[in-house]
Amino acid sequence: MACGTCGRAASNVDYEVKLNSGKTQTVSSIAEARILIAQGGGGTYKAVPKK
């Protein structure tokens with residue numbers, strides 16, 4: 001995955017998912033990010049600070 005150091009849940013970050021389709025979405029957990037990537041046909045995610 002794109003972010004190997006983000007395996008633990010951190011409450012002060014969100015996860016930005018970039019699907020291969022070009023769509024970008026922000027979710028609050030790695031599990032949600034992985035589900036989106038699996039359903040969306042592939043992509044990457046990275047931790048981003050909460051706004």
Side-chain angles (χ1 to χ4, degrees):
M1 285 291 149
C3 185
T5 60
C6 303
R8 66 202 176 286
S11 59
N12 62 337
V13 296
D14 283 332
Y15 297 91
E16 183 182 275
V17 179
K18 286 189 178 168
L19 298 176
N20 290 342
S21 64
K23 185 177 167 193
T24 301
Q25 193 168 344
T26 303
V27 294
S28 58
S29 72
I30 290 175
E32 287 178 276
R34 288 181 173 161
I35 290 167
L36 276 175
I37 289 167
Q39 291 174 341
T44 60
Y45 67 88
K46 65 179 181 179
V48 293
K50 277 197 179 178
K51 296 183 171 104

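As a basis for the values below, the full set of heavy atoms in this structure was taken, side chains included, without hydrogen atoms, waters or symmetry mates.
Leu19 places a side-chain heavy atom less than 4.5 Å from the side chain of Ile37. Using a 4.5 Å heavy-atom cutoff, the side chains of Val13 and Lys50 are not in contact. Side chains of Lys46 and Val48 form a contact here, defined as non-hydrogen atoms less than 4.5 Å apart.
By the side-chain contact (heavy atoms from CB on, under 4.5 Å) test, Val27 is found to be paired with Tyr15, Val17, Glu32, Ala33, Leu36, residues two or more places apart in sequence or in another chain being considered.
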